[in-house]
Amino acid sequence: MNASDKSREAGVPRLLILGGTAEARELATALQARGGFALSLSLAGRTRNPLPSDAPTRSGGFGGVEGLEAYLKAEPIDALIDATHPFAATMSHNAAEAAHRAGVPLIALLRQPWQRQPGDLWTGAASIPEAVEKLGPAPRRVLVALGRNEVRALEAAPQHSYLVRSIDPVDPPLALPQARYIEARGPFPEADEHALLNAHRIDAILSKNSGGEATYGKIKAARALGIEVVMVARPVRPPVETVDSVERVLDWLERRLHQSSPARRGV
Ligand code: NAP
């Protein structure tokens, strides 16, 4: 009998965490430490060397709403936690629909967006193509902190000189006359970001409003140096119960799992 069969037999609540974020790893660690749950952390499988987690991890898409619904029923999963990145909107919408269809309780763990502070020179954009357009027609020196999946949009504005930072290489490289690449994984402290912006004489940053501390250093450094940040707003998320801390997810699990199954009291 494997661990999965044992957890089913023992009536241990089975949780699926949709991850790809530091918050998902923190939640998995907290749940492992607490015990009393059978846990699976799900990754999309995009990053070549994802950071390790204490929790059992699965990798790769489910196959849309239907695939996730089938997975939730087959395991079966008692509660779903959407701890994906604020810009992973497709997965969040799939999670909401699949959880609804499968009758599985769902909560989203989502960090707060950054708020404009005095001294910030932000230009808002609703999408990455719009952000690229908002760099304007005159050539600029741009730090691109968008990850690697959507950077092809830069090709629409070849007049700029780009410094593209991502965890894995941009492959194939962009069809641009002036693009350099840095492979790096956060956190990125403010002092390092300050030095990077100066060393490359950056005069604009393309950023998603990801929120959190790990990548906020560039925003603080831009504020100190008077550099414009073209800030891409978050996509619309589904209307599901949402909290912004691991502790609140733990509270929710306690309430929901005890409510839905009296036999599980004492977990
Ligand atoms: P997305 O556009 O919302 O999702 C695209 C597809 O990838 C989904 O339909 C799903 O495939 C699969 N997928 C996404 N997250 C998954 C997960 N946790 N487990 C299993 N399959 C998953 O997502 P994305 O923006 O490409 O992001 C991919 C992953 O990277 C997410 O897990 C996210 O947390 C993480 N991430 C994203 C960003 C960002 O800026 N977008 C930044 C940091 C980390 P199926 O339909 O086949 O199930």
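Position 1 is the first residue of the sequence; numbering continues from there. We count ligands from 1, going down the list as the structure has it; atoms in each ligand are counted the same way.
Using a 4.0 Å cutoff on heavy atoms, G60 counts as a contact of ligand 1. The closest approach between a heavy atom of G19 and any atom of ligand 1 is below 4.0 Å.
For atom 17 (C) of ligand 1, the closest non-hydrogen atom on the protein side is A44 N, 3.6 Å. Distance from atom 48 (O) of ligand 1 to its nearest protein heavy atom, with residue and atom name: F62 N, 2.7 Å. When hydrogens are left out, the protein atom nearest atom 25 (O) of ligand 1 is A88 CA, 3.6 Å; that is the closest non-hydrogen contact. Closest to atom 24 (P) of ligand 1 among all protein heavy atoms lies R46 NH1, 3.7 Å. Atom 47 (O) of ligand 1 has its closest protein heavy atom at G63 N, 2.9 Å.
When the heavy atoms of A95, S210, G64 are ranked by distance to atom 45 (P) of ligand 1, first place goes to G64. When H85, E66, H93 are ranked by how near their heavy atoms come to atom 37 (C) of ligand 1, first place goes to H85.
Only the backbone of A89 comes within 4.0 Å of ligand 1, judged by heavy-atom distances. Here R58 has side-chain heavy atoms under 4.0 Å from ligand 1, and that is the only part of it that gets that close. Counting heavy atoms closer than 4.0 Å to ligand 1, residue N94 contributes side-chain atoms (C-beta onward) but none from N, CA, C or O.
A donor-acceptor contact closer than 3.5 angstrom links the side chains of R237 and S92. In this model, a donor atom of one side chain and an acceptor atom of the other lie less than 3.5 Å apart for S42 and R58.
Between K208 and E150 there is a salt bridge, since a side-chain N of the basic residue sits under 4.0 Å from a carboxylate O of the acidic one. By the 4.0 Å N-to-carboxylate-O rule, R34 lies close enough to E254 to be salt-bridged with it. Classification of R111 and E23 as a salt-bridged pair holds, one side-chain N sitting under 4.0 Å from a carboxylate O. Ion pairing between a basic and an acidic side chain is recognised when a charged N comes within 4.0 Å of a carboxylate O; E241 and R248 show no such pairing. Ionic pairing of R140 and E228 is present here: one or more N-O contacts between side-chain nitrogen and carboxylate oxygen are shorter than 4.0 angstrom. For the pair R256 and D78, the salt-bridge criterion is not met [side-chain N within less than 4.0 Å of a carboxylate O].
The main-chain N or O of L110 is never found under 3.5 Å from a side-chain atom of D244 such that the two would form a donor-acceptor pair. A distance-only check finds a donor-acceptor pair linking the side chain of H85 to the backbone of F87 [under 3.5 Å].
Close approach to M91 involves these atoms of ligand 1, each under 4.0 Å from a residue heavy atom: 1 (P), 3 (O), 4 (O), 8 (C), 10 (C), 13 (N), 14 (C), 15 (N), 16 (C), 21 (N), 22 (C). Those atoms of ligand 1 that come under 4.0 Å of a heavy atom in K208, given as number and element, are 39 (C), 40 (O), 41 (N). Under a 4.0 Å criterion applied to the non-hydrogen atoms of T90, ligand 1 contributes the atoms 1 (P), 2 (O), 3 (O), 4 (O), 9 (O). Atoms of ligand 1 lying under 4.0 Å from at least one heavy atom of G20, given by number and element, are 34 (O), 35 (C), 36 (N), 44 (C). If you number the atoms of ligand 1 from 1 as listed, the ones under 4.0 Å from a heavy atom of G61 come out as 11 (O), 21 (N), 45 (P), 47 (O), 48 (O). For ligand 1, the atoms sitting less than 4.0 Å from at least one non-hydrogen atom of S42 are 17 (C), 18 (N), 19 (N), 20 (C), numbered in the order shown with element in parentheses.
Under a cutoff of 6.0 Å and an axis angle of 45°, R148 and Y181 do not form a cation-pi pair.
Crowding of Q32 atom CD: a count of heavy atoms from other residues, nucleotides or ligands under 6.0 Å exceeding 12.
Within a 4.0 Å radius of atom 19 (N) of ligand 1, the protein contributes one or more non-hydrogen atoms.
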